[in-house]
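Keep in mind that what you see is a predicted model, and the values were worked out from it rather than measured.
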Amino acid sequence: MMKLISAGTLATILLAGQSSAFSSSPQSTPQHVVSTRPSSTTPSSSALHLSNDDDEVQKLLAKAKQLREEAALMSGKTVEQMEAEVAREKESARERAAVVEKARREREDRNNATARRSGAQILPVPDDGPSQIQQAASAVERAFADGIVRQTVRFALLEEGEEMTGELNDFPGGMEQMYRESGRPLTESLLREVRAYSKNSSSNEESETSNNNSNAPPEVSAEDIWDFDGSAIITAKAADGSHGDVKGVVFPNTDVKYLKDIEKIDEEVGPDRLLLLINPFWKDVESWGFNILAPNGKKRAQEVIFDNGYEVTYAVLRFSVRGEDCVAVKAYPYEWQMYAYREDPSWFNQERPIWLGSSKEEPKSSQISEILNSRPEFKMSKNMRQMQRMMGNDDQ
């Protein structure tokens, strides 16, 4: 049975083929070598070679045209529509690359303190893992520059190549799969990007080695805590001295063992270096509740975690409200930004985030639901909008 591929992918291949047909000759086409020696080839023979070359090119172009028309027929679109769709996909890729580059430039710009402190900054929704890493690195570095050395980061747990839109990944393999395919790669990538150097280093050796090497990538390693919990300690050793080392604890939970581990790591890191908690499985101190095996668990959590800061400096939360896919983004020092995804009428099967507003506190579902009810774009439910489009009606 013939294997079907997407029209957009096939169109991209065919357009690339069309471009190559104009830019280069087929391998089977004879190559003409210009020589200063007299040639025994007659004018009619040369004309024949040129005619053969033209015929080959025309055959290739005709074949490419035929394939494009067949692909368009299979997809129910015209060739012009397919070419326009490919152009839009390329433009979207350029826009995503621009967002990532903008985030990187933001990290390098340390001079505009007023803009950094503006709580009204509107943050874009990261499209995927790499753009999420750039946003997180910027937020972590800004917080560290302001003296926050104990931080919490909550990633949207995306696998490699996964986009922010769409259904949440349930990770059927449990915590081990979640750590292996998302938690660890995201944390290691973040620690490779972050540059957080202690200003109070007392080591002369470290001071001597810190010679314009702050942009060199650190050496990142991982040490499992409990493999069945998917928890680990990720360490980034800075290229120019331990005063730039960073540690991250991935997926700690309310077991008292993690309180002991975090307390121990806190002492090892010291008061001036950066320690991150990545996607901890608690919301606040009330998450500990009462445990007969650890009656002082809540008190210990207050002392080890919440009395030491661990402010949320970056978070991307994904959830569903009223059947709509929603995202809340927090990046220090800015407020929470709330978004809901809506179908893009100019793109088939594509959604784009609609900004709903900002919040000083972590937004709740009831807060977002109230906003959705007041927005004309979401006056109809997602199912109703889909039915309207199927009937050819405008769902705007």
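- The shortest non-hydrogen separation linking Arg195 to Pro217 is NH2-CA, 3.6 Å.
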Side chain to side chain contact (heavy atoms under 4.5 Å, CB included) between Val149 and Phe144, worked out: CA-CA 6 Å; Val149 295; Phe144 183 80; 3.8 Å; yes

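- Between the CG atom in Leu186 and the CD atom in Glu181 there is a gap of 11.5 Å [rounded to 0.5 Å].
- Contact check for Ile148 versus Tyr332: side-chain heavy atoms found under the 4.5 Å cut-off.
- A salt bridge is absent between Glu267 and Lys264; no separation between the charged side-chain nitrogens and carboxylate oxygens falls under 4.0 Å.
- Atom CZ in Arg322 sits 13.0 Å away from atom OG in Ser365 (nearest 0.5 Å).
- One finds the CG atom of Leu168 at 8.5 Å from the CD atom of Glu162 (value rounded to the nearest 0.5 Å).
- Note: the hydrophobic cluster containing Ile278 does not contain Val312 (ILVMFWY, side chain heavy atoms under 4.5 Å, direct or indirect links).
- Put simply, CZ on Arg375 and CD1 on Ile354 are 7.0 Å apart, with the number rounded to the nearest 0.5 Å.
- A salt bridge is defined here as a Lys NZ or Arg NE, NH1 or NH2 lying under 4.0 Å from an Asp or Glu carboxylate O, and Arg318 with Asp325 fails to meet this definition.
- Glu303 and Arg300 are joined by a salt bridge, as a carboxylate oxygen and a charged side-chain nitrogen come within less than 4.0 angstrom of each other.
- Using a 4.5 Å cut-off on side-chain heavy atoms (C-beta onward), Met164 and Val316 make contact.
- For the residue pair Ser131/Asp128, the side-chain donor-acceptor check at 3.5 Å is satisfied.
- Considering only heavy atoms from C-beta on, Leu191 stays 4.5 Å or farther from Pro218 through its side chain.
- Here the rule is side chain to side chain contact (heavy atoms under 4.5 Å, CB included) with Gln337, and of Leu123, Leu356, Val327, Val125 only Leu123 fits it.
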Worked check of side chain to side chain contact (heavy atoms under 4.5 Å, CB included) between Glu362 and Lys330: CA-CA 8 Å; Glu362 179 180 329; Lys330 164 68 178 176; over 6 Å; no

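- No single ILVMFWY cluster, assembled from side-chain heavy atoms under 4.5 Å apart, contains both Phe281 and Leu317.
- Counting all heavy atoms, side chain and backbone alike, Asp245 lies closest to Ala238 at OD1-N, 2.8 Å.
- A donor-acceptor contact shorter than 3.5 Å is absent between the side chain of Glu188 and the backbone of Thr235.
- Comment: Glu176 does not engage Arg180 in a salt bridge, judged by the lack of any side-chain N to carboxylate O separation of less than 4.0 angstrom.
- Cluster membership for Val250 and Val194, using ILVMFWY side-chain heavy atoms within less than 4.5 angstrom, is shared.
- Going from atom CZ of Arg192 over to atom CD of Glu219 covers 10.5 Å, rounded to the nearest 0.5 Å.
- For Asp284 (side chain) and Glu286 (main-chain N/O), a donor-acceptor pair under 3.5 Å exists by modelled atom type.
- Atom CZ of Arg184 is separated from atom OG of Ser231 by 12.5 Å, given to the nearest 0.5 angstrom.
- Judged by distance alone, the side chain of Arg154 and the main-chain N or O of Thr152 form no donor-acceptor pair under 3.5 Å.
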From CA spacing to verdict: side chain to side chain contact (heavy atoms under 4.5 Å, CB included), Val140, Leu276: CA-CA 9 Å; Val140 168; Leu276 303 174; 4.2 Å; yes

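- Remark: Glu160 CD is loosely packed, at most 12 non-hydrogen atoms of other residues, nucleotides or ligands lying under 6.0 Å away.
- Other residues, nucleotides and ligands contribute only 12 or fewer heavy atoms inside 6.0 Å of the CD atom of Glu370.
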Stepwise salt bridge (charged side-chain N to carboxylate O under 4.0 Å, His left out) test for Arg94 and Glu91: CA-CA 5 Å; Arg94 283 194 292 268; Glu91 180 63 25; 2.7 Å; yes

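- For the pair Asp261 and Lys257, the salt-bridge criterion is met [side-chain N within less than 4.0 Å of a carboxylate O].
- For the residue pair Tyr179/Asp229, the side-chain donor-acceptor check at 3.5 Å is not satisfied.
- Here the closest non-hydrogen pair linking Gln135 and Pro124 is NE2-O, 2.7 Å.
- Counting heavy atoms from C-beta outward, Ile234 and Glu223 have side chains that stay 4.5 Å or more apart.
- The side-chain heavy atoms of Gln132 and Tyr314, taken from C-beta on, include a pair separated by under 4.5 Å.
- Side-chain polar atoms of Ser182 and Glu159 form no donor-acceptor pair below 3.5 angstrom.
- When hydrophobic clusters are built by joining Ile, Leu, Val, Met, Phe, Trp and Tyr residues whose side-chain heavy atoms come closer than 4.5 Å, directly or via intermediates, Trp336 is not grouped with Tyr334.
- Contact of the Leu372 side chain with the Val321 side chain is registered, since non-hydrogen atoms from C-beta on lie closer than 4.5 Å.
- Using a cut-off of 4.0 Å between Lys/Arg side-chain N and Asp/Glu carboxylate O, Arg342 and Glu324 are scored as not salt-bridged.
- The local environment of CD in Glu361 is sparse, with at most 12 non-hydrogen atoms from other residues, nucleotides or ligands closer than 6.0 Å.
- Between Met338 and Gln367, some side-chain heavy-atom pair lies under the 4.5 Å cut-off.
- Under the 4.5 angstrom side-chain criterion for Ile, Leu, Val, Met, Phe, Trp and Tyr, the cluster partners of Ile262 are Ile225, Trp226, Phe228, Ile233, Val249, Tyr258, Leu259, Ile265, Val269, Leu275, Leu277, Trp282, Val285, Trp288, Val304, Ile305, Phe306, Tyr310.
- Between Phe155 and Ile133 there is a side-chain heavy-atom pair separated by less than 4.5 Å.
- Here the shortest heavy-atom pairing between Ser198 and Arg273 reads CB-CG, 4.2 Å.
- A salt bridge is defined here as a Lys NZ or Arg NE, NH1 or NH2 lying under 4.0 Å from an Asp or Glu carboxylate O, and Arg150 with Glu311 fails to meet this definition.
- Counting non-hydrogen atoms of neighbouring residues, nucleotides and ligands closer than 6.0 angstrom, the NZ atom of Lys298 exceeds 12 such neighbours.
- Considering all non-hydrogen atoms of both residues, Ser287 and Thr254 come closest at O-CG2, 4.0 Å.
- Looking only at distances, no side-chain donor or acceptor of Asn279 sits under 3.5 Å from a matching main-chain atom of Phe251.
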